[in-house]
Amino acid sequence: MAAATSGRPRPRPLPRRFYLPDAREVAPQLLNKVLVKGRRRARIVEVEAYVGGGIDPGSHAFGGLTRRNSTMFGPPGHLYVYFTYGMHWCANVVCEPAGTASAVLLRAVEPLDGLEEMRSLRPRARSDLDLCSGPAKLCQAFSITGADDGSDLVAGVVAGALRIVDDGTPPPDRPTATTRIGLSAGADLPWRWLVPGSAHVSRRAVSR
DNA sequence: CTTTGGATCGTCT
DNA sequence: GACGATCCAAAGG
């Protein structure tokens, strides 16, 4: 081996099989993985699971296949991007085999690199804690729009493409679990997970 | 610090 | 025609 420092594995993209399980299984495993696009890198600190099979009234796919949610019904490892409130984009990672609509919403990430670019893309952010602390904020910071809906996070070597990589940081042993944010239906289901103690989440977990 | 209301338009009924 | 898997600024304590 050439390097004297051999402790840290080289970051590698998550394989397709990572996204094959139920979104409730994939979601907490995505914590501490790293979202990468060009020079921009950020650690995933908050996610929500949206489950297929007609058991999740909070999911966009609950009512079946529509034009908007069709990516959710496709193969795993692709990006489902939707438009909401007339102005915001939000990004999910599709899970489970094609035909089952489940996904993990990326709700907050901790910026690691490329912060200058993120700041210019998010001029309203008052501090670096505001750069990516919300599902629409992180899409602004990573230039994710509807044009990215259906894009593949795994296959192909495309320069500057969005990727999720493992840099050797394991998921939290005991992730914080709470109910999901902003829902009218399915608001009681505890399918939101946070990195405990992270200052970069969208909302702090309810203290006790 | 917390709460409130406005912005703004694609999607689905 | 109603409603968002949100964000932000302003107002209130």
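Residue numbering restarts at 1 for every chain, and letters A, B, ... go by the order of the sequence lines.
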- prompt: For A:Asn92 and C:dT6, what is the distance between atoms CG and P respectively, to the nearest whole Å?
  reply: 11 Å

- line: note: A:Tyr82, atom OH; C:dA5, atom P; distance rounded to Å ~ 6 Å

message: If you take any heavy atom closer than 4.0 Å to DNA chain C, which residues from residues 102-122 of chain A end up in contact?
response: A:Leu105, A:Arg107, A:Arg122

task: Give the rounded distance in Å between these two atoms: CZ of A:Arg124 and C1' of C:dT6.
output: 13 Å

- prompt: On DNA chain B, which is the earliest and which the latest nucleotide, 5' to 3', with an atom closer than 4.0 Å to a heavy atom of chain A?
  reply: B:dA7 to B:dC12

- line: Ordered by number, residues from residues 46-66 of chain A within less than 4.0 Å of DNA chain C (heavy atoms) are A:Tyr50, A:Gly58, A:His60

- prompt: Which whole-number value in Å describes the distance from A:Phe83 CZ to C:dC7 C1'?
  reply: 13 Å

- request: Using atom CG of A:Leu183 as one end and atom P of C:dT6 as the other, report the distance to the nearest whole Å.
  value: 7 Å

Heavy-atom donor-acceptor pair, A:Arg107 side chain to A:Val201 backbone, under 3.5 Å: no

field: Within residues 125-148 of chain A: residues closer than 4.0 Å to DNA chain C (heavy atoms)
entry: A:Gly134, A:Pro135, A:Ala136, A:Lys137

statement: The residue among A:Val34, A:Val47, A:Leu138 that forms side-chain contact (heavy atoms from CB on, under 4.5 Å) with A:Val109 is A:Leu138

field: Duplex segments of DNA chain B, taken as runs of at least three Watson-Crick or G-U pairs that stay under 3.5 Å
entry: B:1-7 with C:6-12, B:9-12 with C:1-4

task: Using modelled atom types only, decide if a donor and an acceptor are shared between the side chain of A:Glu110 and the backbone of A:Val45 within a distance under 3.5 Å.
output: no

Could you pull out every donor-acceptor pair under 3.5 Å between side chains of residues 88-96 of chain A and any protein atom, sequence neighbours left out?
| from | atom 1 | to | atom 2 | distance (Å) |
| --- | --- | --- | --- | --- |
| A:Asn92 | OD1 | A:Leu105 | N | 3.4 |
| A:Asn92 | ND2 | A:Tyr80 | O | 3.2 |
| A:Glu96 | OE2 | A:Ser102 | OG | 3.3 |

task: Can you tell me the distance, in whole Å, between the CE atom of A:Met72 and the P atom of C:dA5?
output: 11 Å

- request: Go through the steps for A:Arg16 and A:His78 under the test side chain to side chain contact (heavy atoms under 4.5 Å, CB included), then give the verdict.
  value: CA-CA 9 Å; A:Arg16 179 98 44 209; A:His78 289 247; 3.7 Å; yes

